[in-house]
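The chain is numbered in sequence order, starting from 1. Remember, it's 1-based here, ligands and their atoms both numbered in the order they're listed.
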Amino acid sequence: MTEIVYLNGEFMPLENARIPVLDRGFIFGDGVYEVIPVYSRHPFRLPEHLARFERSHQAIRIQNPSGDADWTKLVQELVARNAGDDQSIYLQVTRGVAKRDHAFPKDVKPTVFGMSSPLSTPALEAVEGGVHAITAIDYRWLKCDVKSTSLLGNCLLRQTAADAGAVEVVMFRDGFLTEGSSSNVFVVKNGVILATPKNNLVLPGITYDVVVELAQANGLRLEVRPITEAEVRSADEIWVTSSTKEVLAVSTLDEKAVGNGKPGAVFRRMHPLYQDFKRAVMRQAA
Ligand code: PLP
């Protein structure tokens, strides 16, 4: 089945989708995006993704071209027009097409794009064995809470992980944990889950919220507070979370075993809680 995408009001095969080269998304990375996981054809946590999308628009001063009801319809339409029960829906809005100038153009129409890709959740091997991660100084900008398409810092940092055969890069700024290149990071020490506070240095992850809610609902001990680099390096467990990675344990950090080098006891509680929660939400939606 051909991949069907949405561009500025029309659905079309991916290969037919074209944007002008002066689109500010292309020229400046001047846009915002969302990635929504879809399980059994039901979008997961869609209202939360759309609320973050709205906040991203406001942060970069683009008028959100649609309300939640229209975004929801668009997501459902993309899901229906594409193959596979589990999909990853990508939505992007850029400031639009204008003569190249850093300052915002007046009266420009945002470019709206949506596509679907197969959702590839982590392989069993990664869930059961954990994944490798490396560390780096977080040299990105100071608006990491905005889900912006300007991702050069994230791409450069992720490539350092790829070069090292690792899945993710765990980042520190001024001696404190921030996040991964495309995930949030949790730490477990002495049975307590530590989560980074939501501030301008991290993306407020939708999966992060699910993990925090599940910990609280199931009596797992959790503290939300700044986490030092030393705490990360001496952690019993490190997890990365995102809409596509879900919850994954880090088995080695900079080639050193995390805990005993296997996903730890708290991860082995959280992972099934996450899977059960997902299934329960999907059952309700069906
Ligand atoms: N942090 C960054 C930098 C990300 O790019 C992502 C997701 O892509 C996340 C965190 C996790 O966010 P979510 O759980 O909403 O997918």
Side-chain angles (χ1 to χ4, degrees), residues 29 31-39 43-57 59-60 71 75 86-92 115-117 119-122 131 133-162 166-173 176-187 193 195-215 224 227 232 238-250 270-271 273-275 277-278 281:
V32 289
Y33 75 107
E34 271 300 322
V35 177
I36 303 136
V38 172
Y39 301 104
F44 183 64
R45 292 245 151 169
L46 182 57
E48 289 82 356
H49 280 279
L50 294 180
R52 184 173 65 185
F53 204 24
E54 169 61 28
R55 289 198 303 276
S56 298
H57 281 84
I60 72 161
W71 282 124
V75 169
D86 295 348
Q87 301 179 23
S88 167
I89 296 292
Y90 177 91
L91 301 176
Q92 172 173 327
M115 67 177 168
S116 166
S117 317
L119 178 68
S120 50
T121 47
V131 296
I134 60 163
T135 62
I137 299 294
D138 190 346
Y139 52 67
R140 300 171 304 160
W141 69 337
L142 295 174
K143 287 178 184 274
C144 295
D145 52 328
V146 181
K147 205 161 169 65
S148 154
T149 57
S150 306
L151 286 172
L152 186 54
N154 302 59
C155 293
L156 284 168
L157 285 155
R158 166 64 77 76
Q159 188 56 38
T160 62
V167 159
E168 185 52 298
V169 49
V170 171
M171 298 188 281
F172 304 109
R173 203 190 279 263
F176 288 90
L177 173 65
T178 56
E179 60 179 346
S181 68
S182 59
S183 56
N184 293 109
V185 178
F186 289 80
V187 160
I193 304 168
T196 48
K198 286 188 193 170
N199 57 29
N200 64 312
L201 303 180
V202 295
L203 187 80
I206 306 301
T207 320
Y208 167 109
D209 282 342
V210 175
V211 166
V212 167
E213 286 168 31
L214 288 173
V224 180
I227 304 164
V232 176
I238 300 173
W239 311 341
V240 289
T241 69
S242 79
S243 293
T244 50
K245 290 190 187 73
E246 302 185 331
V247 193
L248 268 185
V250 173
M270 179 55 74
H271 189 266
L273 286 174
Y274 191 88
Q275 298 304 322
F277 177 77
K278 218 172 79 179
V281 171

Less than 6.0 angstrom separating the ring centers of His57 and Phe53, yes or no?
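Ring centroids of His57 and Phe53 are less than 6.0 Å from each other.
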For the residue pair Ser181 and Glu168, confirm or rule out a side-chain donor-acceptor distance under 3.5 Å.
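Side-chain D/A pair, Ser181 to Glu168: present.
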Taking atom types as modelled and ignoring hydrogens, do the side chains of Lys245 and Ser182 form a donor-acceptor contact shorter than 3.5 angstrom?
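Their side chains do contain a donor-acceptor pair, which is all the 3.5 Å distance test asks for.
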Taking the six-membered ring of Tyr208, is NZ or CZ of Lys198 closer than 6.0 Å to its centre and within 45° of its axis?
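Here Lys198 fails the 6.0 Å and 45° test against Tyr208.
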Is the closest side-chain heavy-atom distance between Glu48 and Asp209 below 4.5 Å?
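Result no, sub-4.5 Å side-chain heavy-atom pair not found.
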Give, for atom CG of Asn200 and atom CG of Leu142, the distance between the pair rounded to the nearest 0.5 Å.
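One gets 6.0 Å once the value is rounded to the nearest 0.5 Å.
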Output, or 'none' if empty, a list of ligand 1-protein atom pairs in which both atoms are N or O and the distance is under 3.5 Å, rounded to 0.1 Å.
| unit_1 | atom_1 | unit_2 | atom_2 | d |
| --- | --- | --- | --- | --- |
| ligand 1 | 1 (N) | Glu179 | OE1 | 2.7 |
| ligand 1 | 8 (O) | Lys147 | NZ | 3.3 |
| ligand 1 | 14 (O) | Ile206 | N | 3.3 |
| ligand 1 | 14 (O) | Thr207 | N | 3.0 |
| ligand 1 | 14 (O) | Thr207 | OG1 | 2.6 |
| ligand 1 | 15 (O) | Arg52 | NH1 | 2.8 |
| ligand 1 | 15 (O) | Arg52 | NH2 | 3.1 |
| ligand 1 | 15 (O) | Ile206 | N | 2.8 |
| ligand 1 | 16 (O) | Ser243 | N | 2.8 |
| ligand 1 | 16 (O) | Ser243 | OG | 2.8 |

